[in-house]
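Structure record follows, encoded as structure tokens.
What you see is a predicted model; the values in this text were computed from it and never measured. Proteins get letters first, then strands, A, B, ... in listed order; numbering begins at 1 in each.
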2 protein chains.
Amino acid sequence: MSGFKVGELVVDSGSLILSEGSHSAQLFTVLSGWAFRYKTMEDGRRQILNYMLPGDLLGLQGSVMGEMQHSVEAMSPVVLCVFQRDKLPDLFRNHPDLGYDVTWLASREERMLDENLLSLGRRSALERAAYLIAFLHQRATAIGMVGRKPLMIPITQQHVADTLGLSIVHTNKTLRRLAQKKLLRWHDRACEVLDEGGLMAAAGWEGIGEGTRPLI
Amino acid sequence: MSGFKVGELVVDSGSLILSEGSHSAQLFTVLSGWAFRYKTMEDGRRQILNYMLPGDLLGLQGSVMGEMQHSVEAMSPVVLCVFQRDKLPDLFRNHPDLGYDVTWLASREERMLDENLLSLGRRSALERAAYLIAFLHQRATAIGMVGRKPLMIPITQQHVADTLGLSIVHTNKTLRRLAQKKLLRWHDRACEVLDEGGLMAAAGWEGIGEGTRPLI
DNA sequence: CGTCGGTTTGATCTAGTTCAACCGCCGTGG
DNA sequence: CCACGGCGGTTGAACTAGATCAAACCGACG
């Protein structure tokens, strides 16, 4: 693995890590922090596709298919492990088990997108919001980000709106309803989860259900 | 590759190929026909996630991560090439280039899901419908399914509704609007594309833009 | 000849959008 | 030191895209 790694990269909150349309030569792994993947339309409409947490691979689409078709932006200070994209075929040749792990990660991403798609297509605003927050909380929990201190998800209501496909106004009203039910508490650009089970119930969501995870 | 293949499977239109919650032992490639991937909620709401055409891999999530979290159903007679799922790690070990191709396919699926997510989150009903039909037409074209005879996409309006996250009634009204604009013609459980460019324009969509595709 | 799945149409209703303010906080520049 | 502007969040009122309800049509098929 070490031969494949090029270096580390540290970026601030709000920085653009990868940009739609570019032919970036890098592939990253998140070591710490939060980021999100999104697409935009010419007229400015933005859709957040998924969130990236420590352990996630970032830029695989660009590496394997050429041009990036989405952007990635940091939501907190982020530390990245940088790889050389053109060495990816070598990785598959010389370390087939690592190649398999890359496929595992790609499959997991696909699974998350499936669930997000179900959310956007078939869940109500309240269900969607509950789902999103519970989902992020579960992911953070799974990688040990939530200890004795309650977790603060570093997200703004604009992010939530752009993830759920809702207007910012309705997003606000919906989040307040969840807060009134004591399922979460909203802070300044952060969300604290008070009752993950309650959120899951409100969303009609069973949870992630993920096997053992490879470390890259 | 031959050692990996187990056999062929032929199924009728409407058959369930893979089922949510199962631990299917197989992995498939579509040889001919149309199928779709979907998820359902307990109360019956259904969301179609993507469509499967010849060349697509099917059941990778189940193979790599255990349990299937979506189902797959045939929309036409379908011929499948069947693989043994537990031989997948061997494939990566003994044929790294094929392993890479699997990852390529997974990345491509991710890309399509990204675009669908943008559609559901940020496009209007008319844009979504236009996008979906143009998208299917492009995919079919890319694999040479459309020759001198115009292509008939073997889809019902219920499929379209469950893909776009719309009600069946509104889907019908939206498709009629596209038909009035002479962008498509609706037949009995089939859609004929009259003007792909017009559909793309109506959707605000640039097209797929796909590199060279591996054959598995 | 009845029935069933797919499609069509009109009327009514509502979840979510848009518009328009306003508040509190913080960083900047005079 | 204070005024100003911008960003994130909040709230109410008016509006609309799309949902729901209800009914009918049409061709295939037993």
Side-chain angles (χ1 to χ4, degrees), chain A residues 12-14 36 41 43-48 73 75-76 119-133 152-180 184-192 202-203, chain B residues 12-15 36 41 43-48 73-76 119-133 152-180 184-192 202-203:
Chain A
D12 286 342
S13 178
F36 63 95
M41 297 177 68
D43 62 7
R45 283 177 277 180
R46 177 174 83 161
Q47 178 64 40
I48 295 184
E73 184 181 317
M75 307 163 64
S76 76
S119 230
L120 285 199
R122 291 301 179 205
R123 282 197 250 252
S124 70
L126 194 75
E127 291 173 320
R128 279 185 230 186
Y131 162 70
L132 174 63
I133 302 301
M152 289 291 171
I153 304 175
I155 199 176
T156 79
Q157 297 192 354
Q158 186 67 62
H159 290 132
V160 176
D162 286 348
T163 308
L164 304 184
L166 298 173
S167 72
I168 178 84
V169 173
H170 196 58
T171 299
N172 177 281
K173 288 169 183 171
T174 304
L175 288 172
R176 310 225 88 232
R177 279 206 282 157
L178 291 175
Q180 266 156 31
L184 58 78
R185 190 177 349 241
W186 201 267
H187 298 256
D188 186 48
R189 45 217 92 192
C191 176
E192 175 188 359
Chain B
D12 286 343
S13 178
S15 312
F36 63 95
M41 297 176 68
D43 62 7
R45 282 177 278 180
R46 177 173 84 164
Q47 178 64 40
I48 295 184
E73 185 181 317
M75 305 164 66
S76 75
S119 231
L120 286 199
R122 292 299 178 206
R123 282 196 250 251
S124 71
L126 194 75
E127 290 172 321
R128 279 185 230 186
Y131 161 70
L132 175 63
I133 302 302
M152 289 292 172
I153 305 175
I155 200 176
T156 79
Q157 297 192 356
Q158 186 67 62
H159 289 133
V160 176
D162 286 348
T163 309
L164 304 183
L166 299 173
S167 73
I168 178 87
V169 173
H170 196 59
T171 299
N172 177 280
K173 288 170 183 170
T174 304
L175 288 172
R176 308 227 89 232
R177 278 207 282 158
L178 290 175
Q180 265 156 29
L184 58 79
R185 191 179 347 243
W186 201 267
H187 299 257
D188 186 49
R189 47 216 90 190
C191 176
E192 176 187 358

For A:Thr163, the side-chain hydrogen bond (donor to acceptor under 3.5 Å, both in side chains) test, sequence neighbours excluded, returns A:Tyr51

note: B:Gln157, atom CD; D:dC25, atom C1'; distance rounded to Å ~ 14 Å

Across all chains, not counting sequence neighbours, the side-chain hydrogen bond (donor to acceptor under 3.5 Å, both in side chains) partners of A:Asp162 are A:Arg46, A:Gln158, B:Arg122

Those residues at least two apart in sequence (or on a different chain) that pass salt bridge (charged side-chain N to carboxylate O under 4.0 Å, His left out) with A:Arg123 are A:Glu115

Quick note, side chain to side chain donor-acceptor pair (under 3.5 Å) partners involving residues 165-174 of chain A, not counting sequence neighbours, are A:Gln157-A:Asn172

State whether B:Arg176 places a side-chain N or O below 4.0 Å from either non-bridging phosphate oxygen (OP1 or OP2) of C:dT9.
yes

The salt bridge (charged side-chain N to carboxylate O under 4.0 Å, His left out) partners of B:Asp43 (sequence neighbours excluded) come to B:Arg45

Taking N or O atoms only and anything under 3.5 Å, show me the protein contacts with nucleotides 19-21 of chain D, one pair per line.
unit_1: D:dA19; atom_1: OP1; unit_2: B:Ser167; atom_2: N; d: 3.0
unit_1: D:dA19; atom_1: OP2; unit_2: B:Ser167; atom_2: N; d: 3.1
unit_1: D:dA19; atom_1: OP2; unit_2: B:Ser167; atom_2: OG; d: 2.9

Residue set satisfying side-chain hydrogen bond (donor to acceptor under 3.5 Å, both in side chains) with B:Ser124, at least two apart, ordered chain then number -> B:Glu127

Hits for side chain to side chain contact (heavy atoms under 4.5 Å, CB included) against A:Ala130, two or more places apart or cross-chain, chain-then-number order -> A:Leu178, A:Leu199, A:Ala202, A:Ala203

Sequence neighbours excluded, the answer for salt bridge (charged side-chain N to carboxylate O under 4.0 Å, His left out) partners of B:Arg176 is none

Could you run down the sub-3.5 Å N/O contacts of the protein with nucleotides 22-28 of chain C?
none

Got a list of protein N/O to nucleotides 27-30 of chain D N/O distances below 3.5 Å?
none

Atom CG of A:Asp162 and atom P of D:dG8 are separated, to the nearest Å, by 11 Å

A:Gln158 atom CD is separated from D:dT10 atom P, nearest whole Å, by 14 Å

Sorted by chain and number, sequence neighbours left out, side chain to side chain contact (heavy atoms under 4.5 Å, CB included) with A:Ala190 holds for A:Met152, A:His187

Comparing nearest nucleotides in DNA chain C, the 5'-proximal residue of the pair A:Thr174, B:Leu175 is B:Leu175

Scan B:Ser124 against the nucleic acid and name what it touches under 4.0 Å (heavy atoms): base, sugar-phosphate only, or nothing. sugar-phosphate

When rounded to whole Å, the CZ to C1' distance for the pair A:Arg177 and D:dT10 reads 16 Å

